[in-house]
Amino acid sequence: MKLPRRNFLRLAAGAVALPAVSRIARAQAYPARPVRIIVGFPPGGGSDILARLMGQWLSERLNQAFFVENRPGAGANIATEAAVRAPADGHTLLLVGGFNAVNATFYDKLNFNFIRDIGPVAGIMRTSNVVVVHPSFPAKTIPEFIAHAKTNPGRISMASPGIGTVAHMSGELFKMMTGVNMVHVPYRGDAPALTDLISGQVQVMFSNPVSSIEHIRAGRLRALAVTTATRSDALPDLPTVGEFVQGYEVSAWWGFGAPKNTLAEIVEKLNKEINAGLADLKMKARLAELGGTALPGSPAEFGKLIADETEKWAKVIKFAGIKPE
């Protein structure tokens with residue numbers, strides 16, 4: 001059958017429009033079932049706290065459960081691989097952070113490429129790490145800490161929530177820039193690392209305040225300094241490490257990613273709701289209580305942050321020759 005040109009063009013246009021209509025319809029119906037948020041660390045740590053906080057907001061806004069699934073281990077690589085292998089339908093999200101940017105270079109053989117296989121959805125929070133010690137530790141300032149470490153080489157245990165995490169890299173950068181020798185003790189998340197720091201099993205940690213700020217306020221830990229270039233609003237009396245170690249600067253950040261090829265319309269819907277949460281006064285206050293500030297923006301802007309941080313840590317890792325233990 002020969003179709004008149006006008007009819008053919010009308011049918012062709014309709015065929016092109018159908019996928020777009022289908023995508024919009026799927027986005028409007030999203031989420032069709034509970035959404036899994038994969039977190040690469042155990043319950044109780046900073047990543048887990050933020051995932052649950054934003055998951056609750058999304059549950060209320062989108063009338064569907066957003067639940068956390070903790071998949072700790074391998075510096076969050078186990079969780080990342082689980083997300084990479086999940087269907088790209090918006091029903092699996094990954095809590096991402098600086099640890100993913102580190103892992104891209106830190107681990108030679110991964111079964112995924114983080115930037116290629118996980119698409120940015122939205123930022124959640126950015127914060128300084130904070131140098132915390134057990135209250136019995138003799139140093140009360142960064143200069144005193146450096147002096148003590150240099151007179152006791154290899155005798156200070158530095159806890160971290162895992163090999164290749166930003167907390168670990170913060171400590172490695174500090175070691176590189178000050179010449180001190182500390183023994184790295186990796187844990188499977190913030191919570192067990194802080195438990196041993198509070199009990200005196202280890203002496204220092206470059207912790208994110210989401211996990212440690214309540215312990216600092218309660219006097220269970222002593223904070224020496226923050227790692228960002230400027231002082232923290234949450235801990236305004238603390239100096240920065242950079243005030244004593246010129247050029248030192250590290251910040252921690254978190255957000256959501258999704259498997260590549262997740263519909264752009266679904267990503268935009270999630271981004272819009274997450275940014276609405278970050279603009280909410282109660283959410284802002286809660287993030288401030290946790291020692292951080294909101295990290296709003298588009299998926300593209302969050303993707304640029306991820307790319308920039310990946311490049312930064314690649315230079316540090318290669319310069320220092322740091323490898324998995």
Side-chain angles (χ1 to χ4, degrees), residues 31 34-59 61-62 64-86 88 90-104 110 112 114-115 117-127 129 160-162 164-168 188-191 193 207-211 251-260 262 266-267 270-271 273-275 277-278 283 286-287 290-297 299 302-303 305-306 309-310:
V35 177
R36 174 177 61 154
I37 302 172
I38 302 178
V39 176
F41 301 96
S47 295
D48 179 74
I49 290 169
L50 286 175
R52 293 178 192 278
L53 182 65
M54 191 53 68
Q56 182 180 355
W57 171 267
L58 290 172
S59 295
R61 297 279 290 196
L62 295 175
Q64 186 63 264
F66 282 69
F67 67 95
V68 169
E69 180 181 302
N70 299 94
R71 298 286 293 271
N77 286 326
I78 292 172
T80 302
E81 185 169 355
V84 167
R85 296 182 182 279
H91 292 90
T92 295
L93 300 177
L94 177 68
L95 194 285
V96 303
F99 39 87
N100 295 108
V102 170
N103 290 351
L110 292 173
F112 57 86
F114 176 66
I115 290 181
D117 296 334
I118 295 292
V121 173
I124 297 174
M125 190 178 90
R126 192 166 199 163
T127 185
N129 277 342
S160 85
T165 56
V166 174
H168 173 207
R188 288 169 62 90
D190 288 300
S207 174
N208 72 73
V210 180
S211 303
S251 62
W253 50 269
W254 296 264
F256 282 144
K260 69 174 181 178
T262 300
I266 289 177
V267 170
L270 286 165
N271 180 271
E273 295 299 343
I274 291 166
N275 280 318
L278 298 179
M283 181 71 76
R286 180 63 180 132
L287 295 180
L290 295 171
T293 56
L295 185 59
F302 187 46
L305 170 66
I306 292 171
E309 287 283 298
T310 300

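The structure displayed is predicted, hence computed values, not measured ones. This chain uses plain numbering: 1 for the first residue, then up along the sequence.
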So, Ser207 side chain and Pro209 main chain: donor-acceptor pair closer than 3.5 Å or not?
-> no
If every non-hydrogen atom of Val39 is compared with every non-hydrogen atom of Ala51, which pair is closest and at what distance?
-> CG2-CB, 3.5 Å
Closest approach of Ala191 and Pro43, non-hydrogen atoms and distance?
-> CB-O, 3.9 Å
For the student: nearest non-hydrogen atoms of Phe112 and Phe114, plus distance = CD1-N, 3.8 Å
Under a 4.5 Å cut-off applied to non-hydrogen side-chain atoms, are His168 and Val102 in contact?
-> no
Sequence neighbours excluded, which residues qualify as side-chain hydrogen bond (donor to acceptor under 3.5 Å, both in side chains) partners of Asp190?
-> Asn208, Ser211
For the student: nearest non-hydrogen atoms of Ala83 and Ile118, plus distance = CB-CD1, 4.1 Å
State the CG-OG1 distance between Asn100 and Thr310, to the nearest 0.5 angstrom.
-> 8.0 Å
Heavy-atom distance under 4.5 Å between the side chains of Ser47 and Phe99, does that happen here?
-> yes
Pairs where residues 42-53 contributes a residue and the test salt bridge (Lys or Arg N to Asp or Glu O under 4.0 Å) is met, not counting sequence neighbours = Asp48-Arg52
Report the residues that fulfil side-chain hydrogen bond (donor to acceptor under 3.5 Å, both in side chains) with Glu69, sequence neighbours left out, ordered by chain and then residue number.
-> Arg36, Arg71
No-hydrogen, no-angle side-chain donor-acceptor test under 3.5 Å, Thr293 and Arg126 = no
First locate atom OG1 of Thr80, then atom CG of Leu94, and finally report the distance between them rounded to the nearest 0.5 Å.
-> 5.0 Å
Does some side-chain heavy atom of Leu270 sit less than 4.5 Å from a side-chain heavy atom of Leu93?
-> yes
Sub-4.5 Å side-chain heavy-atom contact between Thr92 and Val35 | no
Hey, what do you get for CG (Leu50) to CG (Leu290), rounding to the nearest 0.5 Å?
-> 6.5 Å
Mind checking what makes side-chain hydrogen bond (donor to acceptor under 3.5 Å, both in side chains) contact with Thr262, not counting sequence neighbours?
-> none
Ignoring hydrogens and geometry, is there a side-chain-to-backbone donor-acceptor pair from Asn275 to Pro296 under 3.5 Å?
-> no
Heavy-atom pair of closest approach, residues Gly40 and Ala79 = CA-CB, 3.4 Å
Under the side-chain hydrogen bond (donor to acceptor under 3.5 Å, both in side chains) test, which residues partner Thr165, sequence neighbours left out?
-> none
To the nearest 0.5 Å, tell me how far Met54 CE sits from Met125 CE.
-> 10.5 Å
CH2/Trp253 to CG/Leu305 distance, rounded to the nearest 0.5 angstrom?
-> 5.0 Å
Spell out, as yes or no, whether a donor-acceptor pair under 3.5 Å connects the side chain of Asn271 to the backbone of Val267.
-> no
Under the salt bridge (Lys or Arg N to Asp or Glu O under 4.0 Å) test, residues paired with Arg188 that sit two or more places apart | none
Exam field: side chain Ser59 to backbone Phe66, donor-acceptor pair closer than 3.5 Å = yes
For the rings on Phe302 and Phe256, is their centre-to-centre separation under 6.0 Å?
-> no
Over all heavy atoms of both residues, which pair between Val210 and Gly46 is shortest? Give the atoms and the distance, please.
-> CG1-CA, 3.5 Å
Examine distances only and state if a side-chain atom of Asn129 and a backbone atom of Ala252 form a donor-acceptor pair shorter than 3.5 Å.
-> no
Could you check if a side-chain atom of Leu95 sits within less than 4.5 angstrom of a side-chain atom of Trp254, using non-hydrogen atoms only?
-> yes
Spacing of CG belonging to Leu110 relative to CG belonging to Asp117, to within rounding of 0.5 Å = 10.5 Å
Just by distance, do the side chain of Trp57 and the backbone of Leu278 share a donor-acceptor pair under 3.5 Å?
-> no
